[in-house]
Amino acid sequence: MTEWRWDIFCTVIDNYGDIGVCWRLARQLASEHRAEVRLWVDDLASCRRLLGMCADDGGTPQPGVVVCHWRPGSVPEALADVVVAGFTCRLPEAYLAAMAARARPPVWITLEYLSAEDWVEGCHLLPSPHPRLALTEFFFYPGFTAKTGGLLREAGLIEARERFRADAAAQAENWALLGTDAPAPEALRVSLFAYENPAVASLLATWAEGGRAVWCGVPEGRIWQSVAQWLGQPLETGGAVRRGNLTLAPLAFVDQPAYDRLLWSCDLNFVRGEDSFVRAQWAGRPFIWHIYPQDDAAHLVKLDAFLDRYVEGLAQPDAAAVRRIQHAWNAGADMTQAWADFGAALPSLNAHADAWCAQQAAAPDLASVLAQFTKTKLK
Ligand SMILES: Cc1cn([C@H]2C[C@H](O)[C@@H](COP(=O)(O)OP(=O)(O)O[C@H]3O[C@@H](C)[C@H](O)[C@@H](O)[C@H]3O)O2)c(=O)[nH]c1=O
């Protein structure tokens, strides 16, 4: 039985992160919190692949979630009980007016970007009265501590990961979905999802010339250009290329669950933005984060805030190796020495990633925190 009706609004910027998070949240609210969700998206065409849908409006593979095309100026006919504005998106004035006109206005939440910075705790769930209308907006901040909104994590995720890791047939099926042969068993398995980055040249050269076999799967996207430049040939899904000790496997863009399974299959994951960054943490394996760049370099403050939390408990040289490689990658700098240190630390970093995952997974997940908060406002 449906408990509440939710409207989630999302504007697609230039990548998949905003819609990736909103889509994941919508599905989890429907499957775990009995919500009936409409996900309003301004640019359906550019995210159809991620949503796994073919029609312009409507049906999705997820019961309880309807994806709607949010056209400029359009206002949904019936109001929901809870309205979530994802990230930078602004709700239409007419919709806000309709909310305010209700005897009991919907709960209005603005979902903010994830940050490990300390100030987040003080801002999470702060109410902000609308300057003109009888409405209150609540700012919901995801985060890594108990005083924040937590991280998106579906029920049973870690258990599903462990089942997958024990299931050779499921793994073979996933490699096929990704359009590649399974990596050789002795190779270090790496997935590489990132923005364009000149640092990739020294990284790939180091692996090609290194003493250990490396298999690197590269999901279709912006990094393909940098990889193709280093290779001197275009990438093509299914067309693995060898250079010395490195096998480069261009991968198909798959749906979110299949991408998760890729992360679970690798020893090391390069991720970017917000959503894949969180998913890499649930893989419980070391990862390198290409943070979404901001003009005023605010992203580097966010990167360090995260690293300060993440390296806690690591031996000093391992912590230094983590910091060094994350900084080199985000600066587009030479990766040779950074990789030498990081590669040597991988066994202890692996145990650390597992422990970090367990620690974060012990906290309440974002959808539950959000559902709980709205319940207190609706009752
Ligand atoms: C590679 C791959 C990714 N994905 C998904 C995982 C994620 O949900 C999504 C990628 O999103 P992110 O990892 O967040 O990276 P991104 O760079 O696409 O998104 C960014 O968008 C900006 C507008 C935001 O401001 C950033 O914070 C950030 O979220 O794509 C698949 O579903 N299949 C795939 O094959």
Side-chain angles (χ1 to χ4, degrees), residues 8 10-28 39 41-43 46-53 60-62 85-89 110-117 120 141-143 151-154 157 174-180 190-197 216-225 227 235 237-238 249-266 269-283 287-296 298-303 305-306 329-330 366:
I8 301 179
C10 180
T11 44
V12 176
I13 308 188
D14 50 353
N15 292 295
Y16 294 117
D18 293 8
I19 184 60
V21 169
C22 290
W23 173 228
R24 207 180 277 295
L25 173 65
R27 286 184 293 154
Q28 200 186 341
L39 176 57
V41 187
D42 64 339
D43 180 2
S46 71
C47 59
R48 188 164 291 134
R49 246 179 2 161
L50 187 123
L51 299 174
M53 45 181 304
T60 72
Q62 173 68 53
F87 310 108
T88 51
C89 113
T110 290
L111 176 62
E112 293 288 348
Y113 288 112
L114 171 63
S115 173
E117 290 162 286
V120 164
Y141 282 86
L151 301 172
L152 274 173
R153 189 188 74 251
E154 308 88 272
L157 179 69
N174 210 51
W175 293 124
L177 264 183
L178 290 156
T180 181
V190 182
S191 79
L192 180 58
F193 181 48
Y195 307 116
E196 302 80 0
N197 194 340
C216 177
V218 194
E220 190 190 336
R222 290 168 59 178
I223 191 72
W224 269 29
Q225 204 185 313
V227 173
L235 302 191
T237 308
L251 304 178
F253 193 94
V254 288
D255 64 13
Q256 285 180 328
Y259 177 60
D260 269 339
R261 296 191 291 266
L262 170 66
L263 298 174
W264 300 345
S265 304
C266 289
N269 294 297
F270 285 71
V271 286
R272 71 183 206 192
E274 175 160 333
D275 191 52
S276 56
F277 163 61
V278 172
R279 304 313 283 186
Q281 293 170 62
W282 299 139
F287 63 92
I288 294 170
W289 181 25
H290 205 178
I291 188 168
Y292 187 73
Q294 289 171 267
D295 285 342
D296 49 3
H299 61 290
L300 297 179
V301 176
K302 275 176 81 168
L303 174 65
F306 173 73
W329 185 242
N330 280 283
L366 187 151

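For ligands, and for the atoms within them, numbers begin at 1 and follow the listed sequence. This chain uses plain numbering: 1 for the first residue, then up along the sequence.
A distance limit of 4.0 angstrom between heavy atoms and ligand 1 selects the residues Ile13, Asp14, Asn15, Tyr16, Gly17, Asp18, Gly20, Leu50, Tyr113, Phe193, Tyr195, Pro219, Phe253, Val254, Asp255, Gln256, Tyr259, Arg272, Gly273, Glu274, Asp275, Ser276, Tyr292.
Taking Asp43 as the reference, Ser46 meet the side chain to side chain donor-acceptor pair (under 3.5 Å) condition, with sequence neighbours excluded. Residues meeting the side chain to side chain donor-acceptor pair (under 3.5 Å) test with Ser191, sequence neighbours left out: Asn269.
Annotation: salt bridge (charged side-chain N to carboxylate O under 4.0 Å, His left out) contacts involving residues 15-27, sequence neighbours excluded, comprise Arg24-Asp275.
Pro142 pairs in a side chain to side chain contact (heavy atoms under 4.5 Å, CB included) with only one of the listed residues (Val21, Leu152, Leu111), which is Leu111.
Relative to the ring axis of Trp282, Arg153 places its NZ or CZ within 45° and under 6.0 Å from the centre.
Asn15 and Arg222 are linked by a side-chain donor-acceptor pair at a separation below 3.5 angstrom, with hydrogens and angles left out of the test.
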